[in-house]
Amino acid sequence: YKAELSQKQQSLIAEKTAMFNTSVGDVSSSVDPASRADYNPGFSPAFALFSFGAPHRKGMSQYGAYGRAKSGQNYEAILKAYYGDIKIEKIDTNGSIDTSVGNIPFEDNYLVGIAEMPARWGDEGGYEALKAQAIAARTYALAYTNNRTKSICTTESCQVYSSARYNSPGRWKQAVEDTRGLVIKSNKTGNIFSTMYASTSGGATLSYSS
């Protein structure tokens, strides 16, 4: 019981929960039935432990984009909803990119290998979300390499590139091809910018300054 904990323990708990605090009731239901708050394990009494990441709430919510696509929004409407005062322009992207796994063709290899959104969404009413993701990933990579002298990493520290995705891209490849050369630019500056995104947004996103 918390009341019986020492003052030091109470202090440690306060420091920990001050960073991020929520409850199961505040978290939206998972697509995994076994992770839902209302899951019945078939016996009682029972308790459950849930683990999830605290989102940065900046940029595009991928599950949000999926929901918007299923409701009929196109990729442009989706991107403007998350990135604000932007325009989408076509530029020449026929070069290569320096990555932590070597220098590879930008459009035909690197982008096809980006494994940040389920390709199956394209067959489940979410193809416009795939196109929005392709444009966001393309823009993120260009902004990253334009602002840094080092190569872009291929992990979640930058954005995930996977040879498995490259070899079996599904409809993701079609989304890359259908948006070839399209990038996001700020209407304010006219420049491409770091188009951050995450799987979820915790139900709210911060205003995006581009």
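Small disclaimer: the values here were computed from a predicted structure and weren't measured.
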From CA spacing to verdict: side chain to side chain contact (heavy atoms under 4.5 Å, CB included), Ile97, Ile152: CA-CA 8 Å; Ile97 185 171; Ile152 190 169; 3.8 Å; yes

For [X] versus [Y], what's the shortest heavy-atom pair and its separation?
| X | Y | result |
| --- | --- | --- |
| Gly170 | Ala119 | CA-CB, 4.5 Å |
| Ala137 | Ile114 | CB-CG2, 4.3 Å |
| Phe106 | Ala141 | CE1-CB, 3.9 Å |
| Ser199 | Ser61 | O-OG, 3.7 Å |
| Ala136 | Met60 | CB-CE, 4.2 Å |

Taking only residues two or more places apart in sequence, or in another chain, which ones meet [X] in a side chain to side chain contact (heavy atoms under 4.5 Å, CB included)?
| X | answer |
| --- | --- |
| Ser96 | Asn103 |
| Thr155 | Cys153, Ser157 |
| Asp123 | Arg171 |
| Ala129 | Ala65, Ala69, Met117 |

When you check the side-chain N and O atoms of [X] and [Y], is any donor under 3.5 Å from an acceptor?
| X | Y | result |
| --- | --- | --- |
| Ser100 | Thr154 | yes |
| Tyr144 | Gln159 | no |
| Gln133 | Glu116 | no |

Is any side-chain heavy atom of [X] closer than 4.5 Å to a side-chain heavy atom of [Y]?
| X | Y | value |
| --- | --- | --- |
| Leu79 | Ile88 | yes |
| Ile184 | Ile192 | no |
| Lys185 | Ile91 | yes |
| Thr195 | Tyr82 | no |

Side chain to side chain donor-acceptor pair (under 3.5 Å) against [X], all qualifying residues, sequence neighbours excluded:
| X | answer |
| --- | --- |
| Tyr161 | Asn109 |
| Thr139 | none |
| Thr93 | Glu107 |
| Glu76 | Lys80 |

Within one Ile-Leu-Val-Met-Phe-Trp-Tyr cluster: Val160 and Val176, side-chain cutoff 4.5 Å: no

Interatomic distance, Asp98 atom CG to Thr145 atom OG1 [nearest 0.5 angstrom]: 8.5 Å

From CG (Asn187) to OH (Tyr83), nearest 0.5 Å: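 That separation rounds to 15.5 Å.
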
Is the backbone of [Y] close enough, under 3.5 Å, to the side chain of [X] for a donor and an acceptor to pair up by distance?
| X | Y | answer |
| --- | --- | --- |
| Tyr75 | Ala134 | no |
| Tyr197 | Gln62 | no |
| Tyr110 | Arg138 | no |
| Glu128 | Asn74 | no |
| Ser186 | Lys188 | yes |
| Thr99 | Gly102 | yes |

With sequence neighbours excluded, residues passing salt bridge (charged side-chain N to carboxylate O under 4.0 Å, His left out) with Glu124: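 Residues passing salt bridge (charged side-chain N to carboxylate O under 4.0 Å, His left out) with Glu124: Arg120.
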
Pairwise ring pair (Phe, Tyr, Trp, His ring centres under 6.0 Å) hits with a residue in residues 163-183, at least two apart: none

Lys/Arg N to Asp/Glu carboxylate O, Glu177 vs Arg180, below 4.0 Å: no

Pairs where residues 60-69 contributes a residue and the test salt bridge (charged side-chain N to carboxylate O under 4.0 Å, His left out) is met, not counting sequence neighbours: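 Found none.
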
Residues forming a ring pair (Phe, Tyr, Trp, His ring centres under 6.0 Å) with Tyr66, sequence neighbours excluded: Trp121

